[in-house]
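In what follows, chains are A, B, ... by sequence order, proteins preceding strands, each numbered from 1.
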Amino acid sequence: MKREKKERRTGLPELPNAVKGNVVLRFAPNPNGPLSFGHARGLVINSTYAKEWDGELILRFDDTDTTVKPPLPIAYQQIPQEAEWLIGFKPHRIVIASERMPHYYEYAMKMLNEGFGYVCRCSGEDFKQFRESKTPCPCRDNSVELNIHLWNNMNDGTFVPGDAVVRVKTDMEMKNPALRDWPALRIQDTQKNPHPREGIGSKYKVWPLLDFQSAVEDYLQGVTHIIRGKDLMDSTRKQTLLYQHFGWKYPETMYWGRVKVHEWGGFSTSQMRRDIEAGLFEGWNDPRLPTLSALKERGITAQALRNFWVELGVTQKDISVPLSTLYSHNTKEIDASAPRVSFVKNPIQVSLSGECPDHVSIAVHPNDKSMGLRKFELNNNSVYLNSEDCQQNEVRLKDFCDINLDGSSAQITSIERKDRRPIIHWVGSNCVDAELIVVENGEIMSIAGKMENHQHPIGTMLQLERIGYGIIVAENKIVLTHD
RNA sequence: GCUCGUGUGGUGUAGCUAGGUCCAUCAUAGUGGGUUUUCAUCCCGCCGACCCGGGUUCGAAUCCCGGCACGAGCACCA
């Protein structure tokens, strides 16, 4: 039997044990801020597989922490919108963990009643000792009755945070210390730190931790494949132990490694939140931040982001990628439809002498004549040139004429191109004062200049000739996307 | 420290499960050239890699052992 093993694979690796039409995936961010560039990977990979296998994608808010990473109310609106923008369809289901508490309680009770969970009253410090020395803690042998009693104490306010947690009984001899009797639910002070969801607020004192909540919810939702960061590998192992207790089959799993971007480093939502609150940034869509909203506003397309992440695939390597890779994908997406616009920074006015027409018409896009023409007026034979371009005396105004420069005046020497003199861009008399915003080395710079008149609406991605691609963010205001 | 995971050109990525067709794929970056009245797009060329050391084998990027490096988990965060 012959195998076509040497065929080069393209796109994402095959989803293991997947049945077409019967695949359920999920993307589960903490709504403690809007989505970041890093979240895009989870969304793109999971949604691409969902599409490929006629499956479903669940967007799940893992909002069970009110103290360390408290949820941000606007994120519940913003994340679904950003997700839809990025992946091109609405997630099939949206699940909010904080609204599913009764389910988690049900399985916590089941765990206690069946004796594979217990209420542990050891301090964190003490349990750490037990874990490291592979010693069962004193609470491990609690009777079911005592556990139920203590569970009630956790819920009725007898206990405060730190007094007790519910643990999953695994095996204190487990090789991997992370798996030894791991914590499943704990108490939070929801008087002091209420949950921001309406109706949830201070309703519950006992909250599940990620490993428990996620495990139960994946089961309840019928998730077939979990694809997530490899930092959650131990989470899989913990959850698999829980699944064994319950007699459930754990989903197939795949992992990706850590990603950094050369220019940004990591992208922690919590850190961004602190920096914004400290006034270091203007808000979540400050163009310097690696949030999805900032990227979108800067002119990065959803398709470019998708192509970028699919190309990286789901390897477990920790990688650091340059932004130029993303920019290259973006250029491929937008170039063919980006109208050309002339923007002259450091403009100097130059008056032309010689045979000067009253206007010049230039193609909106050199490779697509159907996009029409743009008209550069030449009232008073006046043009604006970039002063840096005027270091040389003999230049050619792009799509117009050869000139010999002399200070603020210039002689038109030929309409036809006569020699190999450098070609520079320019604007005519029908130009406007405009502002170009450039983000460089973590700084926002504003460059004033003259821009040709155009009637492209806000949001249009265009190409500034000899500068780069940009997006119109306001009248006469362009943000440079990239070269 | 314990546990888990990963190591292919500058950066990513394919190939590794079932060893030969791999003097190793594709992309990006860099570089040279062509088209083009943009420093854009497009096209062509060049550059450049299997972490190290053993072993098995006629043959190893692929299997085994041992190093080394990097990352993550060991939270009453997600």
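Taking A:Glu333 as the reference, nothing meets the salt bridge (charged side-chain N to carboxylate O under 4.0 Å, His left out) condition, with sequence neighbours excluded. Listed by chain and number, the residues in a side-chain contact (heavy atoms from CB on, under 4.5 Å) with A:Ile319 are A:Val259, A:Leu312, A:Lys317, A:Val321 (sequence neighbours excluded). Considering only residues two or more places apart in sequence or on other chains, A:Phe61 meets the ring-ring contact (aromatic ring centres under 6.0 Å, His included) condition with A:Tyr76. Partners of A:Tyr49 according to the ring-ring contact (aromatic ring centres under 6.0 Å, His included) rule, which considers only residues two or more places apart in sequence or in another chain, do not exist here.
Between A:Phe27 atom CZ and B:A78 atom P the separation is 16 Å, expressed in whole Å. Atom CH2 in A:Trp207 sits roughly 10 Å away from atom P in B:A78 (whole-Å rounding). Across the protein-nucleic acid pair, A:Tyr255 atom OH and B:A78 atom P stand 18 Å apart, rounded to whole Å. Rounded to a whole Å, the CD atom of A:Glu263 is 17 Å from the P atom of B:U28. The nearest whole Å value for the distance from the CG atom in A:Asp234 to the P atom in B:A78 is 16 Å. Between A:Leu464 atom CG and B:U38 atom P there is a gap of 16 Å when expressed in whole angstrom units. Here B:G73 presents its C1' atom at 13 Å from CG of A:Leu210, a figure rounded to the nearest Å. Between the C1' atom of B:U38 and the CZ atom of A:Phe343 lies a distance of 16 Å, rounded to the nearest Å.
Counting non-hydrogen atoms under 4.0 angstrom, A:Ser342 reaches nothing in the nucleic acid. Counting non-hydrogen atoms under 4.0 angstrom, A:Cys401 reaches nothing in the nucleic acid. Heavy atoms of A:Arg258 sit under 4.0 angstrom from primed sugar atoms or phosphate atoms, though from no base atom. Among the protein residues, A:Val321 comes within range of the sugar-phosphate backbone only, with heavy atoms under 4.0 Å from sugar or phosphate atoms but none that close to a base. Using a 4.0 Å heavy-atom distance criterion, A:Leu232 is classed as a base contact. Note on A:Leu312: only backbone sugar-phosphate atoms sit closer than 4.0 angstrom, heavy atoms only; bases stay farther off. Using a 4.0 Å heavy-atom distance criterion, A:Asp65 is classed as a sugar-phosphate-only contact. If you check every strand for non-hydrogen atoms under 4.0 Å, A:Gly162 touches a base. As judged by a 4.0 angstrom heavy-atom cut-off over every strand, A:Gly124 is placed among the base-contacting residues. Among the heavy atoms of the strands lying under 4.0 Å from A:Lys69 is at least one base atom, whether or not backbone atoms are also near.
Rounded to whole Å, the C1' atom of B:C44 lies 11 Å from the corresponding atom of B:U35. Across the C1' atoms, B:C51 and B:C68 are found 8 Å apart, a figure rounded to whole Å. When the C1' atom is used for both B:U25 and B:C42, the distance is 23 Å, rounded to whole Å. Between B:G20 and B:G15, the two P atoms lie 14 Å apart (nearest whole Å). The P atoms of B:C64 and B:U28 are separated by 35 Å, rounded to the nearest whole Å. The gap from the C1' atom of B:G12 to that of B:C50 amounts to 15 Å, rounded to the nearest Å. Taking atom C1' on both B:U11 and B:G67, the two are 27 Å apart, rounded to the nearest angstrom. Rounded to the nearest Å, the gap between the P atom of B:U21 and that of B:C16 is 13 Å.
OP1 or OP2 of B:U13 has at least one side-chain nitrogen or oxygen of A:Thr315 nearer than 4.0 Å. Note on A:Thr64: a side-chain N or O is less than 4.0 Å away from OP1 or OP2 of B:A78.
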* **Watson-Crick and G-U pairing of RNA chain B written in dot-bracket, each distance under 3.5 angstrom, with | for inter-strand partners** => (((((((..(((.......[.....))).(((((.......)))))....(((((..]....))))))))))))....
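Within the structure, every pair that satisfies the ring-ring contact (aromatic ring centres under 6.0 Å, His included) test and touches residues 301-332 of chain A, not counting sequence neighbours, is listed here: A:Phe37-A:Phe308, A:Phe37-A:Trp309, A:Tyr327-A:His482. Here ring-ring contact (aromatic ring centres under 6.0 Å, His included) pairs that include residues 151-183 of chain A, with residues two or more places apart or in two chains, are A:Tyr105-A:Trp151. Residue pairs meeting the salt bridge (Lys or Arg N to Asp or Glu O under 4.0 Å) criterion with at least one partner in residues 28-37 of chain A, sequence neighbours excluded, are absent. Identified under the salt bridge (Lys or Arg N to Asp or Glu O under 4.0 Å) test for residues 386-397 of chain A, with sequence neighbours left out: A:Asp389-A:Arg466, A:Glu394-A:Arg421, A:Arg396-A:Asp402. The stretch residues 226-240 of chain A participates, sequence neighbours left out, in these salt bridge (Lys or Arg N to Asp or Glu O under 4.0 Å) pairs: A:Asp211-A:Lys238, A:Lys230-A:Asp318, A:Asp234-A:Arg237.
Considering only the side chain of A:Lys175, B:U3 comes nearest among B:C76, B:A72, B:U3. Each of B:A29, B:A72, B:C77 was ranked by its minimum atom distance to the side chain of A:Asp231; first place goes to B:A72. Listed candidates were B:U11, B:A27, B:C76. Nearest to the side chain of A:Glu311 is B:A27. Taking every side-chain heavy atom of A:Pro183 into account, B:C76 is the closest of B:U37, B:C74, B:C76.
Crowding of A:Lys134 atom NZ: a count of heavy atoms from other residues, nucleotides or ligands under 6.0 Å exceeding 12.
Cation-pi geometry between A:Lys169 and A:Phe116 is not met: the NZ or CZ atom fails to fall both under 6.0 Å from the ring centre and inside 45° of the normal.
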Quick one: which protein N/O atoms are closer than 3.5 Å to N/O atoms of nucleotides 5-8 of chain B? Pair and distance per line, please.
unit_1	atom_1	unit_2	atom_2	d
B:G5	O3'	A:Gln316	OE1	3.2
B:G5	O2'	A:Gln316	OE1	3.0
B:U8	OP2	A:Lys317	NZ	2.6

Protein-nucleotides 40-42 of chain B N/O pairs under 3.5 Å:
unit_1	atom_1	unit_2	atom_2	d
B:A40	O2'	A:Gln463	NE2	2.8
B:A40	O2'	A:Tyr469	OH	2.3
B:A40	N3	A:Arg340	NH2	3.0
B:U41	O4'	A:Asp335	OD2	3.3
B:U41	O2'	A:Asp335	OD2	3.2
B:U41	O2	A:Asn367	ND2	3.3

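At distances below 3.5 Å, not a single donor-acceptor pair connects side-chain atoms of A:Ser98 with backbone N or O atoms of A:Thr64.
For A:Arg417 and B:U37, a side-chain-to-base donor-acceptor distance below 3.5 Å is absent, hydrogens and geometry of angles not being considered.
Under the 30°/60° scheme for interplanar angles, the aromatic rings of A:His456 and A:His454 are found to lie parallel.
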* Please test A:Tyr118 against A:Val165 for side chain to side chain contact (heavy atoms under 4.5 Å, CB included), starting from the C-alpha separation and ending with a verdict. => CA-CA 8 Å; A:Tyr118 61 96; A:Val165 296; over 6 Å; no
